[in-house]
Amino acid sequence: MKRRDFLKVLSATGMAASVPTFMAGKAHASSLTPVGRYFVLLHLGGGWDPTSFCDPKGNILRGDVDSGARNGGSPVNRFCGNAIRRVRDISLSSSVDDQMKYAPYLGTYNLNDVDEAGSPAANTAIRIDHIQRMLAGTRSGEGDNVVLTLEQAPGFDWAAAKSGQAGNIVANAKGILEGSINTIDFDALASEVSGVTFANGSRLNPNLFVYDAFCCLYADKIRVMNGIDNRTNGHDTGTRFSNTGSMDTAFPDFSALYAAVQGADRPLAFITNGGGNNETAGLVPRSSAGDVTVFNTLSEPEGNYLPGGMKSLVDQAKEQRRALLDQKETLPRRHRLQSQLYMVRDEGVAFSGVASELANPSDPAHIALRDKARNNRQRQMRIGAASMNAGMASSMQIGFGGFDTHNNHDAQHFNRIRDVLVDLHYLWEALEVYNIEQDTTIVLASDFGRTPWYNSGNGKDHWAVGSYIALGKDVAGGTVLNATDPLVGPMNVTISGNQMTPVPPNTTGSTRITAAHLHKHMRVIAGIDQHPFAQQFPIDIEQLPVFG
């Protein structure tokens with residue numbers, strides 16, 4: 001009998017108050033079989049702005065694009081169109097769509113480079129060839145004084161660098177993402193850049209180049225899905241829709257639904273830090289595992305407080321009590337439930353082996369991963385990866401806050417996206433360390449997007465249209481799905497096989513992609529679309545191959 005089902009029956013019979021509540025002995029990780037297929041949802045709470053990362057537009061005034069545009073005196077972004085970077089130009093892989101682009105990070109563009117109608121401004125700040133030279137640069141120093149100096153050689157060739165220095169490029173990109181590089185030195189090339197504030201003559205903070213490092217390493221793994229209509233600008237409804245595929249308050253988050261199908265009785269079936277919608281519809285309990293001590297507590301709730309040989313005496317007393325209860329119980333149903341209780345208890349819950357490895361890892365890769373963790377989200381990601389590998393969990397949801405930038409948008413938003421990319425890199429490394437990256441799908445979602453104009457407080461407000469990003473198993477990496485127009489209006493798509501082509505919204509026979517389409521397809525690739533739990537919460541929309 002399943003542990004969860006047993007406890008339900010137990011409560012119904014009134015035995016829950018009379019049976020022992022302790023658990024005997026430590027459990028072992030081998031008692032559970034890994035699911036073999038995993039999902040992680042990252043939720044950017046508050047509504048993120050894709051134009052500050054994966055759907056950039058430039059700073060031409062909206063009124064110059066369309067004379068009738070609302071807030072025509074505002075640009076979509078503060079950087080010029082020619083400062084936007086093409087991912088393919090810094091990716092180690094050549095199999096990346098030409099239309100995959102990303103925004104220059106705050107502090108790397110010149111605010112004086114202003115686009116005009118029909119005359120895009122030249123980019124006088126950091127260019128893509130500077131980024132290439134940085135990624136192929138040379139590290140020096142150690143500890144807290146590691147400097148990455150741009151490659152200065154005349155005639156530098158990025159294609160040759162990728163061919164002959166791939167290992168060095170990867171190490172540099174990881175150093176930026178992981179914080180092991182402390183300074184970027186442009187050296188003599190700093191004289192080519194204007195509108196950027198250098199320190200000590202030619203030095204910049206590596207945090208300014210997290211976007212570049214991430215795209216370099218992950219471009220061929222990610223699928224950017226732009227122009228997704230969340231059909232709301234309300235936080236609660238948008239979070240619910242992006243996490244469930246429905247606006248119905250009764251629907252469970254996809255992560256919870258998947259965990260329930262794979263076994264709600266797994267010790268940490270659905271891991272969450274509470275940052276998303278978090279609805280389970282009663283199908284599975286929420287598990288928050290942000291610290292390794294939770295494993296030790298749950299694997300041996302009595303603690304390890306008894307000196308010497310006292311524990312063995314207590315264990316003997318437990319067994320004597322068990323035998324006595326067995327002899328006294330005469331009602332057949334209660335006798336059977338009591339036997340099942342002890343069977344469940346003796347099977348254990350696979351905590352101690354994993355807890356020991358997490359708290360005091362012996363594998364060098366596990367030690368390095370533990371030591372790299374820089375915040376609670378990363379620590380939870382490490383625990384989640386280990387738990388999924390051990391069969392204790394099947395899904396995880398991690399929430400990020402701070403995206404509701406109604407004031408000082410640029411000063412806050414770029415930093416928050418940077419934090420997400422740094423943590424996403426750590427998550428992928430954790431999945432690799434525990435050998436499940438090839439079996440895991442990661443989806444980055446948010447409540448909605450942000451307005452394609454700035455308000456009077458230099459903030460951006462709520463906008464229904466946004467972007468999602470996916471990577472991992474069953475995801476067509478290096479690709480872009482759909483688009484938005486120059487004013488971040490949603491495009492529709494026409495469909496031919498697995499090919500979806502962006503078209504104007506009024507195109508006959510076209511489809512507007514929403515979060516419901518993403519969840520419909522996620523259920524399919526997860527293999528749960530026909531499960532009774534999924535049928536209990538149907539998504540009545542056509543199936544599109546949105547993940548490729």
Side-chain angles (χ1 to χ4, degrees), residues 23 25-40 42 142-144 146 167 170-171 173-181 217-218 259 266-273 287-305 347-398 419 421-440 442 472-473:
M23 296 186 66
K26 287 257 187 176
H28 301 281
S30 59
S31 64
L32 287 175
T33 302
V35 170
R37 182 72 173 89
Y38 312 99
F39 287 85
V40 180
L42 306 181
E142 57 185 19
D144 294 332
V146 176
V170 168
K174 287 187 174 182
I176 292 170
L177 287 165
E178 295 167 9
S180 61
I181 292 174
L217 293 180
Y218 292 97
R266 293 179 183 272
L268 296 172
F270 169 41
I271 296 175
T272 174
N273 70 348
S287 300
S288 178
D291 194 295
V292 294
T293 57
V294 71
F295 287 85
N296 285 321
T297 300
L298 292 174
S299 65
E300 193 174 21
E302 295 171 84
N304 188 20
Y305 311 117
E347 284 178 355
V349 288
F351 276 106
S352 66
V354 177
S356 176
E357 169 62 20
L358 281 168
N360 299 291
S362 56
D363 186 302
H366 295 177
I367 294 171
L369 183 68
R370 178 200 62 190
D371 293 346
K372 283 181 180 179
R374 293 192 277 174
N375 57 52
N376 286 335
R377 289 187 304 272
Q378 292 183 1
R379 282 184 277 274
Q380 184 150 356
M381 289 169 176
R382 180 172 76 97
I383 290 171
S387 300
M388 291 188 287
N389 179 58
M392 298 165 62
S394 55
S395 67
M396 177 165 51
Q397 179 174 282
I398 303 291
D419 292 344
L421 299 183
V422 167
D423 285 3
L424 181 49
H425 166 67
Y426 181 89
L427 170 62
W428 189 261
E429 289 220 320
L431 298 174
E432 286 184 326
V433 166
Y434 285 98
N435 299 309
I436 57 173
E437 80 281 1
Q438 298 301 319
D439 302 314
T440 304
I442 303 168
K473 187 175 176 63

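Nothing here was measured: the structure is a model prediction, and the numbers come from that model. All heavy atoms count here, side chains included; hydrogens, waters and symmetry mates do not.
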> Rounded to the nearest 0.5 Å, what's the gap from OG1 on T272 to CD on Q397? Could you check?
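Interatomic distance, T272 OG1 to Q397 CD, rounded to 0.5 Å: 4.5 Å.
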> Quick check: do D419 and D423 have side-chain heavy atoms less than 4.5 Å from each other?
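Not touching, per the 4.5 Å side-chain cut-off.
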> Is a side-chain N or O of Y426 found less than 3.5 angstrom from the main chain of L369, in a donor-acceptor match?
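Present.
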> Give the C-alpha distance, both sets of side-chain angles, the deciding distance and a yes or no for side chain to side chain contact (heavy atoms under 4.5 Å, CB included) between V422 and R377.
CA-CA 11 Å; V422 167; R377 289 187 304 272; over 6 Å; no
> Once the angle between the rings of H366 and Y434 is folded into 0 to 90°, is it parallel (under 30°), tilted (30 to 60°) or perpendicular (over 60°)?
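Rings of H366 and Y434: parallel, as their planes differ by under 30°.
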> For a 4.5 angstrom cut-off between non-hydrogen side-chain atoms, does L421 reach Y218?
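A side-chain contact under 4.5 Å is absent here.
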> Hey, does the side chain of R382 reach the backbone of A430 with a donor-acceptor pair shorter than 3.5 angstrom?
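It does not hold such a pair.
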> Of the non-hydrogen atoms in S362 and I367, which two are nearest, and what is the gap between them?
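Looking at all heavy atoms of both residues, the shortest contact is O-CD1, 4.0 Å.
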> With the side chain counted from C-beta on, respond yes when I176 and H425 share a heavy-atom pair under 4.5 Å apart, and no when they do not.
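No, side chains not in contact.
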> What is the minimum heavy-atom distance between M388 and M396, and which atoms define it?
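Nearest pair, atom of M388 first, then M396: CE-CE, 4.1 Å.
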> Grab the two heavy atoms, one from A259 and one from A269, that are nearest each other, plus how far apart they are.
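Distance-wise, the nearest heavy atoms are CB-O, 3.5 Å.
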> Are any of the side-chain heavy atoms of L427 and V40 separated by less than 4.5 Å?
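Heavy-atom side-chain distance check passes, below 4.5 Å.
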> Minimum heavy-atom separation for R37 to D439, with atom names?
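Distance-wise, the nearest heavy atoms are NH1-O, 3.4 Å.
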